[in-house]
Asker: 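Before anything else, here's the structure in question.
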4 protein chains.
Amino acid sequence: MPEKRAKKSAKRPVRRALQSRSRATVDAIVKATARILAERGWPALNTNAIAARAGVSIGSVYEYFPNKQSILNVIIDRHLAAGEAKLAEATSILSSGKDADDIVEAVVSGFIQLHQDDPRLHRALSTEVPISPAQRRRIEALRSKIVIAVTSALSEYVDGAELKATLLVETADALAHRWFVDKVGLPVSASTMAGETSTMLKSYVSAGRSD
Amino acid sequence: MPEKRAKKSAKRPVRRALQSRSRATVDAIVKATARILAERGWPALNTNAIAARAGVSIGSVYEYFPNKQSILNVIIDRHLAAGEAKLAEATSILSSGKDADDIVEAVVSGFIQLHQDDPRLHRALSTEVPISPAQRRRIEALRSKIVIAVTSALSEYVDGAELKATLLVETADALAHRWFVDKVGLPVSASTMAGETSTMLKSYVSAGRSD
Amino acid sequence: MPEKRAKKSAKRPVRRALQSRSRATVDAIVKATARILAERGWPALNTNAIAARAGVSIGSVYEYFPNKQSILNVIIDRHLAAGEAKLAEATSILSSGKDADDIVEAVVSGFIQLHQDDPRLHRALSTEVPISPAQRRRIEALRSKIVIAVTSALSEYVDGAELKATLLVETADALAHRWFVDKVGLPVSASTMAGETSTMLKSYVSAGRSD
Amino acid sequence: MPEKRAKKSAKRPVRRALQSRSRATVDAIVKATARILAERGWPALNTNAIAARAGVSIGSVYEYFPNKQSILNVIIDRHLAAGEAKLAEATSILSSGKDADDIVEAVVSGFIQLHQDDPRLHRALSTEVPISPAQRRRIEALRSKIVIAVTSALSEYVDGAELKATLLVETADALAHRWFVDKVGLPVSASTMAGETSTMLKSYVSAGRSD
DNA sequence: GATGAATGAGCTTTCATTCAT
DNA sequence: CATGAATGAAAGCTCATTCAT
């Protein structure tokens, strides 16, 4: 009856979800995971709940994912991909921007859109779920790319574009998180705060323009 | 900040040394918990690890704390108390401030100091550890008190003090967290970013002054 | 008495054999619990011992039972169900009884049969295991039903049937417990004592008959 | 820090409680144990609770008793001693009895008195507390002595005195327990049931008298 | 003797993971 | 490939007992 087995094996290769049925199963598992995370949080996220919610057996979960963390990785990766997509999309706006204010506007609204989409899930991912060093590196990389894109866009309008871009991006990200994810108790509405954030950042970015 | 000591008044001259043993044990447990949290994070925090790290038996842990969460509560409470102490200390600076810039400076440096003290622990507490609703309320209350104090201080210099105070406080808090806790990869040093943050906020707060 | 079997009707011809594995596991757990209780008593009953004795892992125990008490509940419920079955069975005898003596005989032998089946387990259940209020109520209800049935049976032969039925039932139960469960040291055999009990109760029940 | 120590030692001799202070301490411990048992039952009985309730330190408890069970033993022994005292007291009544009915009356009322004194404690002792084989033997011996005394008293009035005495004693004991300790739901009052018990037993004992 | 802080074996329960079917 | 019963390491917590003070 009792039989010791290695626990940290993860030998079984992740079956590549190429066939459509496989793809559907993988998708159901990932979606179920995201839903549980958004609705009931990380403490309630366990593999049996995922399987049940996805409508598949726990065995199938392990057919497609070597372990629990790897499911989360997909979600985190999708989140990062969404961020990257948003960046790509924003790049054109940034480069076609008429002035620095447009760039600030694009950055602020970009981060707000990112945080408004499923804020419960966003919160769970950013405050509860353990992130691997590799993922942290990828987050850093994305952040860095955004800063570079914004720097490039800003450089034709302002001096010290890199520093300004860094502060702009970090502030827009952090405050969007506060207003829409943390939902801190505020004396005014989140959208009012968003407007104020935008005002502050426009003024900051444009400060000291030579023109 | 931690380290509560019994009043050593002349009331009871010969006070049992036993009490200090208890005090030392409690302290060892709390410190061990904070250390594990800072060094290995919430997933590695378990009562056996706490006991081992504190150099006491698991039984002793439960002699002084009814459960695992209550140890964390002490740490969280100490953190909040530190924030409240900082607020009290800052209030005098705020009220004796010569101008709006001094107030911004005080707020920014206050948050930086708060985040510079054991940033690893700070990170664990703010992103991993489950917070009870009561604690969340206490955090909100503290934040609210700070905003009120800053609003009051700013109101003699600027219009729309409450809105500005809110954005000032949230930005200072969020960015101090980024620069010193998250330690995001930056093109320049954290202290440079802190200076830039300060510059941006001073400019924001003073914008539209009638002077 | 225990050993529930699924109906093997023709509804679903090929029924998974898996279900029978579960059934067997549940049964092994319940049986192991009963055996430990009977052989080593309540103090020796712990979930690890149950799992070991059942030849399953501790995880399997919690796959089928939410907690330790729930395993006991099954055993207690089976015991109560056995009592209820015995009552149902006895009712026909009671109502077809030729005279009051037959009724007494049926009651006494009914309780003796109940107590003779695994007296060690019976002892553990009646003296060691914590009973929930709901179970106590169910026991009371069963006892009450028995008294009502006996009252009804007796009422056509004797006056004051309810009082007599109560004393009859309580005495038969209590003494069957003594003779077969407590196994008190006796100068004569348990079955002799059972006969004497019967004699005493027949005489008591028939006393003051109008005939 | 961790230091393994033997757990089943019990080497320290039980300090004989001869001095009055010692005696008072022992008594406080025993009384506290009995009170907890009566009020909150066996599951709530732990050595720290006993020490706290007795107003002594846990260390003192182990100064006078080698282990928890030994405290219970004192209580059980006192209970048995009370039974034995009651027997001694009853013996004179039994031998001076005018007829068999007086003997039955004495036995029934004796057991009722025994069970009416602190029925909660009685219940705990008879249904929850683990009894050692030695104690069980002592209970048997007491029971046997009672049967012998009753047999002797009855023998001048009836035939088959031993058998009758056994049934009389067991029934009186069992039913007194039911009416006053178990407090089973009854259609009539406990004292009515006690009277009925007495009536039944008188009739049984006197049955078949030659006079 | 008295104290009570400290101990740690042992218990209940959870859940990521495996594998027979 | 799918299933889900089974596994067992590991975590939280209790309490009888010990021993330094």
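Sequence lines set the chain letters: A, B, ... in the order given, protein chains first and strands last, and positions in each chain run from 1. Values reported hereafter were calculated over all heavy atoms of this structure, with side chains retained and with hydrogens, waters and symmetry mates removed.
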Asker: Grab the CG-P distance between Asn46(B) and dT14(E) for me, whole Å please.
Answerer: 17 Å

Asker: According to a strict under-4.0 Å criterion, is Thr47(B) in side-chain N/O contact with OP1 or OP2 of dC13(F)?
Answerer: no

Asker: Using only side-chain N and O atoms of Ser60(B), determine if any of them is under 4.0 Å from OP1 or OP2 of dT7(E).
Answerer: yes

Asker: Take the protein atom NZ of Lys68(A) and the nucleotide atom C1' of dT18(E), then report the distance between them rounded to whole Å.
Answerer: 17 Å

Asker: Identify which nucleotide among dA6(F), dT17(E), dG12(F) has an atom closest to any side-chain atom of Asn67(A), counting heavy atoms from C-beta outward.
Answerer: dT17(E)

Asker: Taking only the side-chain nitrogens and oxygens of Ser22(D), find out if one of them lies under 4.0 Å from OP1 or OP2 of dG1(E).
Answerer: yes

Asker: For dT21(E), give its Watson-Crick or G-U wobble partner with both distances under 3.5 Å, or none.
Answerer: dA2(F)

Asker: Does atom CZ of Arg138(C) have more than 12 heavy-atom neighbours, drawn from other residues, nucleotides or ligands, at distances under 6.0 Å?
Answerer: yes

Asker: Might you work through the side chain to side chain contact (heavy atoms under 4.5 Å, CB included) test for Ile29(A) and Val74(A), ending with a clear yes or no?
Answerer: CA-CA 10 Å; Ile29(A) 293 166; Val74(A) 170; over 6 Å; no

Asker: Pick the closest DNA chain E nucleotide for Gln69(A) and for Ile58(D) by heavy atoms, then say which residue is nearer the 5' end.
Answerer: Ile58(D)

Asker: Go nucleotide by nucleotide along DNA chain E from the 5' end; which of Tyr64(B) and Pro43(C) gets its closest nucleotide reached first?
Answerer: Tyr64(B)

Asker: With a 3.5 angstrom cut-off on both distances, give the Watson-Crick or G-U wobble partner of dT7(E), or none if there isn't one.
Answerer: dA16(F)

Asker: If every non-hydrogen atom of Tyr62(A) is compared with every non-hydrogen atom of Asn67(A), which pair is closest and at what distance?
Answerer: CE2-CA, 3.8 Å

Asker: Side-chain N or O of Ser57(A) versus OP1/OP2 of dG4(F): is the shortest distance under 4.0 Å?
Answerer: no

Asker: Consider the side chain of Val56(B), meaning its heavy atoms from C-beta on, and name the nucleotide among dT7(E), dT12(E), dA2(E) that approaches it most closely.
Answerer: dT7(E)

Asker: Let's see if you can work this out: which of dA16(E), dG4(F), dT12(E) has an atom nearest to the side-chain heavy atoms of Asn48(A)?
Answerer: dA16(E)

Asker: For Ser60(B) and Glu63(B), indicate whether the former's side chain and the latter's backbone hold a donor-acceptor pair under 3.5 Å.
Answerer: no

Asker: Are any of the side-chain nitrogens in Asp27(C) or Arg78(C) under 4.0 Å away from the carboxylate oxygens of its partner?
Answerer: yes

Asker: Whole Å only: how far is the CD1 atom of Ile71(B) from the C1' atom of dG12(F)?
Answerer: 11 Å

Asker: Using a 4.0 Å heavy-atom cut-off, does Phe65(C) contact any base of the nucleic acid, only the sugar-phosphate backbone, or nothing at all?
Answerer: nothing

Asker: Taking only the side-chain heavy atoms of Tyr62(D) (C-beta and beyond), determine which of dT18(E), dT18(F), dC1(F) contains the nearest atom.
Answerer: dT18(F)

Asker: Can you tell me how far P of dT7(F) sits from CD1 of Ile29(C), to the nearest Å?
Answerer: 10 Å

Asker: Would you mind reading off the distance between Glu63(B) atom CD and dT14(F) atom P, rounded to a whole angstrom?
Answerer: 12 Å

